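Below you'll find the structure, written out as structure tokens, and then a few comments.
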Amino acid sequence: MSGIALATPYLDTDADQLSFTLGRPAHEALAVRDLTIGGTEVQLRLLGASHQVFAGPVRETVACLPGVAGGLPAAAEQDFDDWAYRFTAEVGLFAPAEFSARVARIRSLAEDHPRALHGVFPGSPEAVTALTVERQGPGLSWQTWHTYPQSRRIVATHTRLEAR
């Protein structure tokens, strides 16, 4: 799926402003992709303040949220009924050429992936939020990337949701 040229500026202006929450209601989305993977309903949501993924019992939000302190955990785990959930996040700082190369790889991966959603924010072709999801054994896994050209930082998250 090719990238969506977004007409609104992104709200999170640096990786440190992102927060992680579970169970939040749907926020206004700039783009949504509904999928069914292995019998599980999945919704990828691209926000002006990053992303939401709704999959089975999980409502994951990684975004700049009013009233929620910024800063992502390196890892988080939670059980949901018959599901085990694990989230990890990394923030990388890159030299200009390496940042550009990584953003190009992220965009290419998202464009070639059959279950992806990604948007390019105005002002820079390197201001990207991308999400991919796939079936993995008895569950799902999804990855997201949030790129910040002004600071050359990339936030990468990986989530695993496994039926028990």
Side-chain angles (χ1 to χ4, degrees), residues 1-8 10-12 15 18 20-63 72 75-78 80-92 94 98-149 153-164:
M1 173 178 217
S2 62
I4 299 166
L6 302 170
T8 184
Y10 53 8
L11 297 178
D12 49 319
L18 290 175
F20 164 80
T21 60
L22 292 171
R24 282 209 173 271
H27 290 264
E28 184 175 339
L30 303 174
V32 175
R33 181 146 190 219
D34 292 309
L35 302 160
T36 301
I37 302 172
T40 302
E41 298 297 316
V42 178
Q43 187 175 78
L44 304 176
R45 302 175 56 78
L46 186 62
L47 310 177
S50 295
H51 86 261
Q52 288 184 304
V53 175
F54 299 163
V58 171
R59 294 170 85 75
E60 174 188 286
T61 303
V62 172
L72 295 174
E77 295 183 23
Q78 186 167 329
F80 292 92
D81 300 320
D82 295 331
W83 297 87
Y85 169 90
R86 177 157 172 77
F87 168 89
T88 60
E90 292 182 356
V91 179
F94 302 96
E98 179 67 11
F99 178 83
S100 294
R102 285 180 181 257
V103 172
R105 281 194 300 269
I106 291 165
R107 289 183 66 174
S108 178
L109 173 73
E111 287 172 9
D112 293 341
H113 197 285
R115 292 166 303 281
L117 177 65
H118 79 286
V120 179
F121 290 88
S124 172
E126 293 184 336
V128 174
T129 297
L131 302 88
T132 63
V133 62
E134 52 199 287
R135 186 171 185 169
Q136 187 176 18
L140 305 170
S141 69
W142 58 89
Q143 293 182 292
T144 74
W145 298 268
H146 307 273
T147 68
Y148 299 92
R153 294 171 78 184
I154 298 175
V155 176
T157 74
H158 181 265
T159 301
R160 174 95 171 103
L161 181 63
E162 186 172 327
R164 292 186 274 147

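Computed from a predicted structure; not experimentally measured.
Closest non-hydrogen pair, A110 versus A116, comes out as O-CB, 3.4 Å. Counting all heavy atoms, side chain and backbone alike, F54 lies closest to R45 at CE1-CD, 3.5 Å. Nearest heavy-atom pair, A163 versus W83, reported as atom, atom and distance to 0.1 Å: N-CE3, 3.5 Å. The minimum heavy-atom distance between A15 and V155, with the atom names listed, is CB-CG2, 3.4 Å. Taking both residues in full, the closest heavy atoms of L18 and S50 are given as CD2-OG, 3.2 Å, listed atom of the first, atom of the second, then distance. Annotation for G56 and T40: closest pair N-CG2, 3.6 Å, computed over non-hydrogen atoms.
Between the side chains of E134 and W142, no donor N or O sits under 3.5 Å from an acceptor N or O. Side-chain polar atoms of Q143 and T157 form no donor-acceptor pair below 3.5 angstrom.
H146 has its ring centre less than 6.0 Å from the ring centre of H51.
For the atom pair CZ (R33) and NE2 (H118), the distance works out to 11.5 Å, reported to the nearest 0.5 Å. Between the CG atom of D112 and the CZ atom of R107 there is a distance of 12.0 Å, given to the nearest 0.5 Å. Interatomic distance, OH of Y85 versus CZ of F87, reported as 6.0 Å (0.5 Å rounding). For the atom pair F80 CZ and L161 CG, the distance stands at 8.0 Å (nearest 0.5 Å). Expressed to the nearest 0.5 Å, how far CD of Q43 lies from CG of L117 amounts to 10.0 Å. The OG1 atom of T147 sits 8.5 Å away from the CZ atom of F121 when rounded to the nearest 0.5 Å.
Pairs of residues two or more places apart, or lying in two chains, that qualify as salt bridge (charged side-chain N to carboxylate O under 4.0 Å, His left out) and include a residue from residues 154-164 are D79-R164, R160-E162.
Just one residue in the list H27, R24, Q52 forms a side chain to side chain donor-acceptor pair (under 3.5 Å) with T61, and that residue is Q52.
By the 4.5 Å heavy-atom criterion applied to side chains, V58 and V53 are not counted as neighbours. At a threshold of 4.5 Å between non-hydrogen side-chain atoms, the residues L44 and V32 do not count as touching. Annotation: side chain of L131 is in contact with side chain of T129 (closest heavy-atom distance under 4.5 Å). Side-chain contact between V128 and V103: present, with at least one pair of heavy atoms (C-beta onward) separated by less than 4.5 Å. T159 places none of its side-chain heavy atoms less than 4.5 Å from the side chain of T144. Side-chain contact between L47 and L30: absent, with no pair of heavy atoms (C-beta onward) separated by less than 4.5 Å.
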For this session: Take I37 and V133, measure what side-chain contact (heavy atoms from CB on, under 4.5 Å) needs, and give me the verdict at the end.
Result: CA-CA 9 Å; I37 302 172; V133 62; 3.5 Å; yes

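A cation-pi contact, defined as under 6.0 Å to the ring centre and within 45° of the axis, is absent between R153 and Y148.
A salt bridge links E98 to R105: at least one charged side-chain nitrogen sits closer than 4.0 Å to a carboxylate oxygen.
By the 6.0 Å contact criterion, CG on D34 is enclosed, its count of non-hydrogen atoms from other residues, nucleotides or ligands being greater than 12.
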